[in-house]
**Q** 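One structure, as structure tokens, below. Some questions next.
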Amino acid sequence: MKNIIFLIAVRNKDFEKKYGGFGWFDYAIKSWTYWCERNNAELVIYETPSNPNIKEHRITWQRWFDMFDILDKTGINYDKVFMNDANSIVHWNCPDFFKLIEGDDRIAGFRDTDNLNWIYQSVSGYENLFKDFKFDITKYVNSNIIFNKTHKSFFKDFEKFYYDNYDELIKLQDTVVKRGTDQTPLNYFIQMKNMDVNTTIPWIYNVTHPHRKELFSHNWQLNEDKTPFFIKHGRHWKFSGMAKDQRTSLMKQTWDIIGHNYE
């Protein structure tokens, strides 16, 4: 039985200008292909959503509704699935983080604390949609979560919620709240369904917003090692929280430094 890296890498010309092209996908795919081969995992690349109208039905939403159908069609006998974005590069020596949650059927997630103002505004903005549910912001997690087959019914309910409340969700998403797409509604849904989330996997396995943590720099005081902090201390780097059209350039610069390690 294998674990799955479910990598979101949908190319669409309508979003090409916004993202400055999709060259960054290549670095993610190269690194995760290498990691999966070393750790007996399977890389499944999500390239084609079931609904081609991704302006109205964003990839970030559709991925939750398509994933189990896609995984079932692969015929892979799988255990856990890591929902991941292609804005990432995994360290060539990154340990198998799935082993940290072996035997645990809970959803596993990473606490999101990079931009607390953004999170507060997003949670507050969706509050009325969820009928003033008392949301615990201290349990807010990044949407890159790990789950398994036991969560099929949870995501099926999430899909129904999306289509039942589509007009209101899109209004909030695009014109009122304007703080992300699926992540905050997913967090509400997790808490409303009383899902217990395992958040014990260390942050080094999902290093988000590296610029906010000044991880692109190095220890200039000692000036002995100019390796950027995110490469030196992190094991999975997410090029998130920054201008999207800079992503390819930053990931290329990173690959130019470390790419030889994946050969």
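Along the sequence shown, the residues carry numbers beginning at 1. Basis for what follows: all heavy atoms, side chains included, without hydrogens, waters or symmetry-related copies.
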**Q** Under a 4.5 Å cut-off applied to non-hydrogen side-chain atoms, are Leu169 and Phe161 in contact?
**A** yes
**Q** Please round to the nearest 0.5 Å and tell me the distance separating atom CZ of Arg111 and atom OG1 of Thr200.
**A**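 Here the interatomic distance stands at 13.5 Å.
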**Q** Please verify the inter-ring angle class for Phe22 with Phe25; under 30° counts as parallel, over 60° as perpendicular, anything in between as tilted.
**A** tilted
**Q** Between Gln62 and Asn51, is there a donor-acceptor pair closer than 3.5 Å when you use the side chain of the first and the backbone of the second?
**A** yes
**Q** Considering only heavy atoms from C-beta outward, does the side chain of Leu100 approach that of Pro202 to under 4.5 Å?
**A**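 The answer is yes, as the side chains (C-beta and beyond) meet within the 4.5 Å cut-off.
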**Q** Could you tell me if the side chain of Met67 sits less than 4.5 Å from the side chain of Phe147, heavy atoms only?
**A**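 SC-SC contact between Phe147 and Met67 confirmed.
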**Q** Could you check if a side-chain atom of Met83 sits within less than 4.5 angstrom of a side-chain atom of Trp64, using non-hydrogen atoms only?
**A**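 Met83 reaches Trp64 side chain to side chain.
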**Q** Is there a donor-acceptor pair closer than 3.5 Å between any side-chain N or O of Trp32 and the backbone N or O of Leu7?
**A**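 Pair absent, no side-chain N/O of Trp32 close to backbone of Leu7.
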**Q** Does Asp167 have any side chain to side chain contact (heavy atoms under 4.5 Å, CB included) partners at least two apart in sequence or in another chain, and if so, which?
**A**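 In terms of side chain to side chain contact (heavy atoms under 4.5 Å, CB included), with neighbours along the sequence ignored, Asp167 is linked to no residue.
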**Q** Could you name each residue pair satisfying side chain to side chain donor-acceptor pair (under 3.5 Å) that touches residues 240-249, not counting sequence neighbours?
**A**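 Every side chain to side chain donor-acceptor pair (under 3.5 Å) pair that includes a residue of residues 240-249, provided the two are not neighbours, is Ser249-Gln253.
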**Q** Could you report the tightest heavy-atom contact between Ala108 and Val197, atom names first, then the distance?
**A**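 So the minimum-distance heavy-atom pair works out to C-CG1, 4.3 Å.
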**Q** Can you list everything that forms a ring-ring contact (aromatic ring centres under 6.0 Å, His included) with Phe133? Sequence neighbours excluded, please.
**A** none
**Q** Inspect the contact between Arg58 and Asp174 and indicate whether a charged nitrogen and a carboxylate oxygen are less than 4.0 angstrom apart.
**A**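 Result for this pair is yes, salt bridge flagged.
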**Q** ring-ring contact (aromatic ring centres under 6.0 Å, His included) with Tyr34: which residues, sequence neighbours excluded?
**A**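 With sequence neighbours excluded, Tyr34 shows a ring-ring contact (aromatic ring centres under 6.0 Å, His included) to Tyr262, given in chain and number order.
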**Q** Checking Arg63 now: which residues fulfil salt bridge (charged side-chain N to carboxylate O under 4.0 Å, His left out) with it, not counting sequence neighbours?
**A**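 Applying salt bridge (charged side-chain N to carboxylate O under 4.0 Å, His left out) to Arg63 gives Asp85, Asp182.
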**Q** State which residues pass ring-ring contact (aromatic ring centres under 6.0 Å, His included) with Phe230; sequence neighbours excluded, sorted by chain then number.
**A**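 ring-ring contact (aromatic ring centres under 6.0 Å, His included) list for Phe230, sorted by chain: Phe216, Trp237.
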**Q** When you measure from the side chain of Asn144 to the backbone of Phe82, do you find a donor-acceptor pair of N or O atoms at a distance under 3.5 Å?
**A**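 Not at all, since once roles are kept as given, no pair shorter than 3.5 Å links the two residues.
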**Q** Using the test salt bridge (charged side-chain N to carboxylate O under 4.0 Å, His left out), find all partners of Lys171 that sit at least two apart in sequence or belong to another chain.
**A**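 By the salt bridge (charged side-chain N to carboxylate O under 4.0 Å, His left out) rule, Lys171 matches no residue at all.
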**Q** For Trp61 and Thr181, work out which heavy atoms get closest and say how close.
**A**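 Closest pair (atom of Trp61, atom of Thr181, distance): CZ2-O, 3.5 Å.
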**Q** Does anything in residues 200-218 form a salt bridge (Lys or Arg N to Asp or Glu O under 4.0 Å)? List the pairs, not counting sequence neighbours.
**A**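 Salt bridge (Lys or Arg N to Asp or Glu O under 4.0 Å) check on residues 200-218 returns Asp114-Lys213.
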**Q** Donor-acceptor pair, Ser124 side chain versus Tyr120 backbone, under 3.5 Å?
**A**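 Flag set: sc Ser124 to bb Tyr120 pair under 3.5 Å.
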**Q** Just grab all the side chain to side chain donor-acceptor pair (under 3.5 Å) pairs involving residues 65-75, residues at least two apart or on different chains.
**A**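 Non-adjacent pairs meeting side chain to side chain donor-acceptor pair (under 3.5 Å): Tyr46-Asp66, Ser50-Asp66, Asp72-Lys152.
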**Q** So, using ring-ring contact (aromatic ring centres under 6.0 Å, His included) as the criterion, who are the partners of His57 when residues are at least two apart?
**A**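 Partners of His57 by the ring-ring contact (aromatic ring centres under 6.0 Å, His included) criterion, ordered by chain and then number, come out as Tyr162, Tyr163, Tyr166.
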**Q** For a ring pair (Phe, Tyr, Trp, His ring centres under 6.0 Å) check, start with the C-alpha distance between Phe130 and Phe189, then their side-chain angles and the critical distance, and finish with the verdict.
**A** CA-CA 9 Å; Phe130 292 93; Phe189 214 70; 7.5 Å; no
**Q** The test is salt bridge (charged side-chain N to carboxylate O under 4.0 Å, His left out); show your working for Lys2 and Asp96 and say whether it passes.
**A** CA-CA 12 Å; Lys2 291 193 173 186; Asp96 184 356; over 6 Å; no
**Q** Show the nearest heavy-atom pair for residues Ala41 and Trp35, with the distance to one decimal.
**A**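 For Ala41 and Trp35, the tightest heavy-atom pair comes out as CB-CZ3, 3.9 Å.
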**Q** Are Ser143 and Thr60 close enough that some pair of their side-chain heavy atoms sits under 4.5 Å apart?
**A** no
**Q** Applying salt bridge (charged side-chain N to carboxylate O under 4.0 Å, His left out), can you list everything that pairs with Glu127, at least two apart in sequence or on another chain?
**A** none
**Q** Quick one, Asn53 and Lys55 - any side-chain contact, counting heavy atoms below 4.5 Å?
**A**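 In short, these two side chains touch, coming nearer than 4.5 Å.
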**Q** Closer than 3.5 angstrom, by distance alone: can the side chain of Asp104 be matched with the main-chain N or O of Ile101 as a donor-acceptor pair?
**A**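 No, Asp104 side chain to Ile101 backbone: no donor-acceptor pair under 3.5 Å.
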**Q** Show the nearest heavy-atom pair for residues Thr184 and Trp118, with the distance to one decimal.
**A** OG1-CZ3, 4.4 Å
**Q** Do Lys149 and Tyr78 form a cation-pi contact, if we require the NZ or CZ to be under 6.0 Å from the six-membered ring centre and within 45 degrees of the ring's axis?
**A** yes
**Q** Is any NZ, NE, NH1 or NH2 atom of the basic residue among Glu159 and Lys156 found under 4.0 Å from an Asp or Glu carboxylate oxygen of the other?
**A**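 Salt bridge flag = yes for Lys156 with Glu159.
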**Q** What I'd like to find out is whether the side chain of Gln183 reaches to under 4.5 Å of the side chain of Asn142, using heavy atoms alone.
**A** yes
**Q** Looking at residues at least two apart in the chain, or sitting in another chain, which of them share a salt bridge (charged side-chain N to carboxylate O under 4.0 Å, His left out) with Lys139?
**A** none
**Q** How long is the straight-line distance from CE of Met195 back to CG of Leu186, given to the nearest 0.5 Å?
**A** 10.0 Å
**Q** For the atom pair CG (Asp157) and CZ (Phe155), what is the distance rounded to the nearest 0.5 Å?
**A** 11.0 Å
**Q** Side-chain contact, heavy-atom cut-off 4.5 Å: Phe239 with Thr254?
**A** yes
**Q** Atom CG of Asn219 and atom OG1 of Thr227: how far apart are they, to the nearest 0.5 Å?
**A**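 Atom-to-atom, Asn219:CG and Thr227:OG1 are 11.0 Å apart.
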**Q** Out of curiosity, Ile89 CD1 to Trp24 CH2, how far, rounded to the nearest 0.5 Å?
**A** 11.5 Å
**Q** Has Arg38 got a side-chain atom pairing as donor or acceptor with Trp92's backbone, closer than 3.5 angstrom?
**A** yes
**Q** After noting the C-alpha distance and the side-chain angles of His233 and Ile204, does the key distance pass the side-chain contact (heavy atoms from CB on, under 4.5 Å) rule?
**A** CA-CA 7 Å; His233 300 294; Ile204 61 171; 5.5 Å; no
**Q** Is the count of non-hydrogen atoms from other residues, nucleotides or ligands lying under 6.0 Å from Lys252 atom NZ greater than 12?
**A** no
**Q** Hey, does the side chain of His209 reach the backbone of Met242 with a donor-acceptor pair shorter than 3.5 angstrom?
**A** no
**Q** Please check this pair: side chain of Arg235 against backbone of Val90, looking for a donor-acceptor N/O pair closer than 3.5 Å.
**A** no
**Q** Can Ile76 and Val44 be said to form a side-chain contact (heavy atoms from CB on, under 4.5 Å), step by step?
**A** CA-CA 10 Å; Ile76 301 169; Val44 175; 4.2 Å; yes
**Q** Minimum heavy-atom separation for Asn39 and Cys94, please, with both atom names.
**A** ND2-O, 4.1 Å
**Q** From Leu43 CG over to Ile29 CD1, what is the distance, rounded to the nearest 0.5 angstrom?
**A** 7.0 Å
